[in-house]
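One structure is given here, and the rest of the page talks about it.
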Amino acid sequence: MYDRRIMGTADATTTASSALFDPQAILESRVRGAMVRAVPDLASQSPEAIDPMVTASRNAKFGDYQCNAAMGLGKKLGKPPREIAQAIIKNLDLTDIAEPITEANIAGPGFINITLKPQSLSSLLTTMAGASMGFPAPGSLGTAVVDLCGVNLAKQMHVGHLRSTVIGDTLANILQRAGWKVIRQNHVGDWGLPIAMVTSRLIDQAAAGQIDLSKVTLDDLDKAYKAAQRECESDQRGLLMAQRWHMGPKIIAELQAQADGAAEKSERARSVLRRLQTHDKDVMAVWQRISDVTMSACLTIASRLNADVRPEHSAGESSYAEELAPMVAELEKSQVAQISEGALVIRLEDVGLNEPLLIRKSDGAFLYATTDMAAIRRRVQKLGAQRVVYCVDARQSLHFKQVFAGASKAGYAKLPSGQNAVLEHAAFGTILGEDGRPFKTRSGESAKLGELLDQAEAYAFEVITQRSPDMSEDERRSISRTIAVAAIRYVDLSTERIKDYVFSYQRMVSFEGNTGPYLLYALVRIRSIFRKAAERGISTSDLPAPTIAHAAEKTLALALLRYPGVVQDVAKSLEPSRLCAYLYELAGVFSTFFDVCPVLSAASDSERASRLALCKLAEGVLAEGLKLLGIPTLEKM
RNA sequence: GUCCCGGUAGCUCAGUUGGAUAGAGCAGCCGCCUUCUAAGCGGCAGGUCGUGCGUUCGAAUCGCACCCGGGACGCCA
């Protein structure tokens, strides 16, 4: 449906630069060369088409890395795979980095097992430390827009906004690190009839002296929003039922009165909407007040979640309002859109979508999709995005398929190069309650993010008070805030994006096992070593290249070298859970190392220096990984 | 009805373009703190990968059919 070729460009760039020290990339390139020499027919193919199938071995007894290319190639050429494997190893020169490859390294149907030399692990680690992890220069891959957060005016941030904010912030961080220039866009729901309804209600209430607009809080607005929805919603079904079941004139009259009242309120709301659209001064003043109160409260919550969502990232629906009419007129004129049953639609059957995209209602009003079209146009044409990533609920999948297809048809996604920008929906699942329905509190409200943070902080405070009673209360409070953010963000990021998950305080505040606090703990233990070293006057500068001797050191070294590849994978797959899984594994292998390899009390000065070097690398990778996840780090906990 | 997503240990979840004996955490059981933070480490136990058929050297992974759960489907956002 849309062009993904730009992705290929990104891959080529990133792979080339990390090949300096990433064993997988080095081995891939060597094996590819060997494959071409072993099977001359392959020489005619482009390098990308020759898959060397190199992966880290799952089981240490099969070496560090394995190549599975012989089986596939054997099948393709109709030759025994072990024969192909032999031909590959005959042409494979790994003497500088791996133990000698002989026939003994060919296992089973044709796996080639590769074990790296401890000496080369050491030099690869040193290269990695000095090479900015091998990432492309900032911004060198182009511009990516990340659509995140998506709060609505007059609504508290609730669990429904958690995922968009946390996943979006994390993906933005990761894309940036992987070499993209990132522009965050908070597509605030600040326009349209629902906003007009609450504005209308507030105008009435202020006029009646029931509220003081200069003092309203977001809580007040939230209540007004719900009340406005209710009073504009006519209970037509109830009225019909009452009439059908002859429920008595009194009930019918009441329902009739409610319906009449709702009709009147709706009409007033529509009038306010018209005045909003023509920027009527009085109405705009109220709207602006609603906007200020909402954004200030929501951005405070975002900041508590350590998400980088600031006022300058806001590009609300209102900011597109003036662009819609000309855009739609142009689409109609160019015949990209057609009239159907009174509405204006873009037909998409030719790209496999049966449902057309509605961009103008039969009453002339524009829709959600109209604004999204305008947003794509601005993001690609004005902001210069080669990639636009939407962190939005999976239930909007069809909507985005349609909008992407519509924008592509209209030419809005076209770049100066003639290629289409890559439009991606980073869809995420719903947060559910214990009953398997979308999460609500007992009173039927959405759980507010502020309260969620408070709860997690309170629990963290309990735990830390128990564990470190000697710490000052201020310090314990401050640490609790970090632990709460780590716990909440990690829960949201650590499972596959697309999956629903059941919300549970127990899970949110659990600090054992595969959790954010566990990662913080691992980092704190590394930092503690350096603090102790300083206390004892042990130098931690000018450390040598680490010597990889102990099995736990080797496991740690291999894990560290995988880091840049993982970040690049996430920049491509938009799957932060893979970075979580990696960091959890890294924290685990470090913990094992920490247990079995004394650092400060190592057997010799040289062993101590070597282990300190390894610790420094682990500290750097873990801290950076956490930073990408938006988890602030600690010195103590 | 059409389309999309999910189904893996008691529970929560990993499992990358098909690879070797399907892995973690929690809960349970057994060990390990006078030594760099035990929020930890090591070990034990726990599996018809929803079901069936197919593709092949090889399937949790790919194809087809079905079962269960969730979701979306022209004038809401």
Side-chain angles (χ1 to χ4, degrees), chain A residues 51 53 55-59 61-62 66 68 71-72 74-75 80-81 107-111 113 150 152 189 191-194 317 340-345 352-363 365 367-369 371-372 393-399 401-402 427 429-430 432 436-438 460 463-464 466-468 483 491 494-496 498-502 504 506-507 510-515 517-522 524-533 536 569 573 575 577-578 580-581 584-585 587-588 591-602 611 615 636-637:
Chain A
D51 191 347
M53 305 270 289
T55 58
S57 295
R58 228 166 263 203
N59 191 327
K61 84 175 186 198
F62 299 130
Q66 62 182 64
N68 303 340
M71 280 85 77
K75 185 188 281 188
F111 299 106
N113 294 331
N152 303 292
W191 210 241
L193 193 57
E317 294 176 330
S340 164
E341 297 169 40
L344 190 67
V345 309
L353 292 169
N354 293 324
E355 299 82 359
L357 178 67
L358 266 78
I359 56 172
R360 191 181 65 207
K361 302 202 283 179
S362 48
D363 67 2
L367 298 107
Y368 187 50
T371 309
D372 274 323
D393 195 296
R395 286 171 290 192
Q396 295 193 29
S397 287
L398 176 60
H399 167 75
K401 271 186 197 163
Q402 292 176 291
T430 309
L432 306 172
R437 310 295 307 166
V463 174
I464 195 158
Q466 206 179 341
R467 300 191 52 84
S468 308
I483 290 175
V491 162
S494 59
T495 59
E496 251 190 312
I498 194 67
K499 291 193 175 173
D500 295 346
Y501 69 84
V502 174
S504 110
Q506 214 181 347
R507 187 173 172 204
S510 157
F511 301 156
E512 291 170 347
N514 191 1
T515 63
Y518 171 78
L519 300 187
L520 284 179
Y521 182 68
V524 161
R525 295 212 289 183
I526 306 177
R527 289 179 172 172
S528 178
I529 293 173
F530 287 97
R531 200 168 48 243
K532 282 279 175 5
R536 297 179 197 177
D569 169 53
S573 63
E575 200 61 80
S577 64
R578 294 189 192 167
C580 293
Y584 178 60
E585 193 188 325
S591 293
T592 302
F593 163 84
F594 183 89
D595 243 45
V596 298
C597 295
V599 178
L600 298 180
S601 52
R611 286 181 178 171
C615 286
K636 292 181 187 175
M637 66 188 278

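Throughout, protein chains are lettered first and strands after them, A, B, ... in sequence-line order, and every chain is numbered starting at 1. The analysis underlying the following values was restricted to heavy atoms, covering all of them including side chains, and did not include hydrogens, waters or symmetry mates. In this text, all values refer to a predicted model and were calculated from it rather than measured experimentally.
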Which residues pass the side-chain hydrogen bond (donor to acceptor under 3.5 Å, both in side chains) test with A:Arg395, not counting sequence neighbours? A:Asp393

Taking only nitrogen or oxygen atoms into account, show me every contact under 3.5 Å that the protein makes with nucleotides 13-18 of chain B, one pair per line with its distance.
{"unit_1": "B:A14", "atom_1": "OP1", "unit_2": "A:Glu496", "atom_2": "N", "d": "2.7"}
{"unit_1": "B:A14", "atom_1": "OP2", "unit_2": "A:Lys499", "atom_2": "NZ", "d": "2.5"}
{"unit_1": "B:G15", "atom_1": "O2'", "unit_2": "A:Arg58", "atom_2": "NH1", "d": "3.3"}
{"unit_1": "B:G15", "atom_1": "O2'", "unit_2": "A:Arg58", "atom_2": "NH2", "d": "3.4"}
{"unit_1": "B:U17", "atom_1": "O2", "unit_2": "A:Asp51", "atom_2": "OD2", "d": "2.5"}

Can you tell me how far the CZ atom of A:Arg525 sits from the CG atom of A:Leu520, to the nearest 0.5 Å? 13.0 Å

Rounded to whole Å, how long is the line connecting atom OH of A:Tyr584 with atom P of B:G23? 16 Å

Is there a donor N/O on one and an acceptor N/O on the other, under 3.5 Å, for the side chain of A:Asn68 and the base of B:A20? no

Under 3.5 Å donor-acceptor, A:Gln402 side chain and A:Glu355 backbone: yes

Base, sugar-phosphate alone, or nothing: which one does A:Cys597 contact when heavy atoms must sit under 4.0 Å apart? base

A:Asp393 has an atom CG; how far is it from atom C1' of B:G71, in whole Å? 9 Å

B:G40 base stacked by A:Tyr521? Criteria: ring centres under 5.5 Å, plane angle under 30°. no

Say we look at B:G19 and B:U61: how far apart would their C1' atoms be, to the nearest angstrom? 11 Å

CG of A:Leu367 to OG1 of A:Thr371, rounded to nearest 0.5 Å, is 8.5 Å

Give me the distance, rounded to whole Å, that separates B:C11 from B:G28 when you measure between the P atoms they each carry. 16 Å

Evaluation steps, side chain to side chain contact (heavy atoms under 4.5 Å, CB included), between A:Phe594 and A:Ile529: CA-CA 10 Å; A:Phe594 183 89; A:Ile529 293 173; 3.9 Å; yes

What's A:Ala107 touching, base or sugar-phosphate or nothing? Going by heavy atoms closer than 4.0 Å. base

Quick one: label A:Asn113 by what it contacts on the DNA or RNA (base, sugar-phosphate, nothing), any heavy atom closer than 4.0 Å. base

Could you measure between the two P atoms, the one in B:A20 and the one in B:C64, and give it in whole Å? 25 Å

When you match A:Arg536 and A:Met71 each to their closest nucleotide on RNA chain B, which lands nearer the 5' end? A:Met71

Between B:G50 and B:C67, how far apart are the C1' atoms? Round to whole Å, please. 7 Å

For A:Phe111 and B:A20, do the ring centres fall under 5.5 Å apart while the planes stay under 30° apart? yes

Nearest whole angstrom, please: distance from the P of B:U35 to the CG of A:Asp595. 13 Å

Do the side chains of A:Cys615 and A:Phe593 get nearer than 4.5 Å, heavy atoms only? yes

Given side chains that start at C-beta, do those of A:Phe511 and A:Met637 come closer than 4.5 Å, heavy atoms only? no

Where is the tightest heavy-atom contact between A:His399 and A:Asp372, given as atom of each residue plus distance? NE2-OD2, 2.8 Å

Figure out the CD/C1' separation between A:Gln466 and B:A38, and round it to whole Å. 13 Å

Whether each nucleotide of nucleotides 72-77 of chain B has a protein heavy atom under 4.0 Å at its base (B), only at its sugar-phosphate (S) or at neither (-) is summarised, 5' to 3', as SSBBSB

Rounded to whole Å, please give me the gap between CZ in A:Phe62 and P in B:G23. 11 Å

Please report the distance, rounded to the nearest Å, between CG in A:Asn59 and C1' in B:A24. 16 Å

Suppose we screen for side-chain hydrogen bond (donor to acceptor under 3.5 Å, both in side chains). Which residues come up paired with A:Asn152, at least two apart in sequence or across chains? none

Got a second to check how far A:Leu353's CG is from A:Lys401's NZ, nearest 0.5 Å? 7.0 Å

Nearest whole Å is fine: how far is B:G40 P from A:Ile529 CD1? 17 Å

A:Ser601 side, atom OG; A:Lys532 side, atom NZ - distance, nearest 0.5 Å: 12.0 Å

A:Pro109 has a side chain; which of B:G70, B:G19, B:C41 sits nearest to it? B:G19

Starting at atom CZ of A:Phe511, determine the distance to atom P of B:C26, rounded to an integer number of angstrom. 15 Å

How far, in whole Å, is B:A9 from B:G25 if one measures between their C1' atoms? 12 Å

Just compare B:G40, B:C36, B:C57 and give me whichever is closest to any side-chain atom of A:Lys532. B:C36

With the side chain counted from C-beta on, respond yes when A:Arg531 and A:Lys636 share a heavy-atom pair under 4.5 Å apart, and no when they do not. yes

Answer yes or no: does a side-chain N or O of A:Tyr518 lie under 4.0 Å from OP1 or OP2 of B:C41? yes

What interatomic distance, in whole Å, is found between C1' of B:C49 and the corresponding atom of B:C30? 29 Å

Strand RNA chain B in bracket notation, Watson-Crick/G-U under 3.5 Å with | for pairs to another chain: (((((((..((((.....[...)))).(((((.......))))).....(((((..]....))))))))))))....

Contacts of A:Arg527 that satisfy side chain to side chain contact (heavy atoms under 4.5 Å, CB included) - sequence neighbours left out: A:Leu523, A:Glu619, A:Ala623, A:Thr633, A:Glu635

Nearest-nucleotide 5' precedence on RNA chain B, A:Ser591 against A:Phe530: A:Phe530

Take atom P in B:G54 and the same atom in B:A45, then report the distance between them in whole Å. 35 Å

Under the rule syn = chi within 90° of 0, otherwise anti, which is B:C33? syn

Measuring only the P atom in each nucleotide, how far is B:A22 from B:G46? A whole number of Å is fine. 13 Å

Using a heavy-atom cut-off of 4.0 Å across all strands, would you classify A:Arg437 as base, sugar-phosphate, or nothing? sugar-phosphate

A:Leu519 CG to A:Tyr584 OH distance, which is reported to the nearest 0.5 Å: 9.0 Å

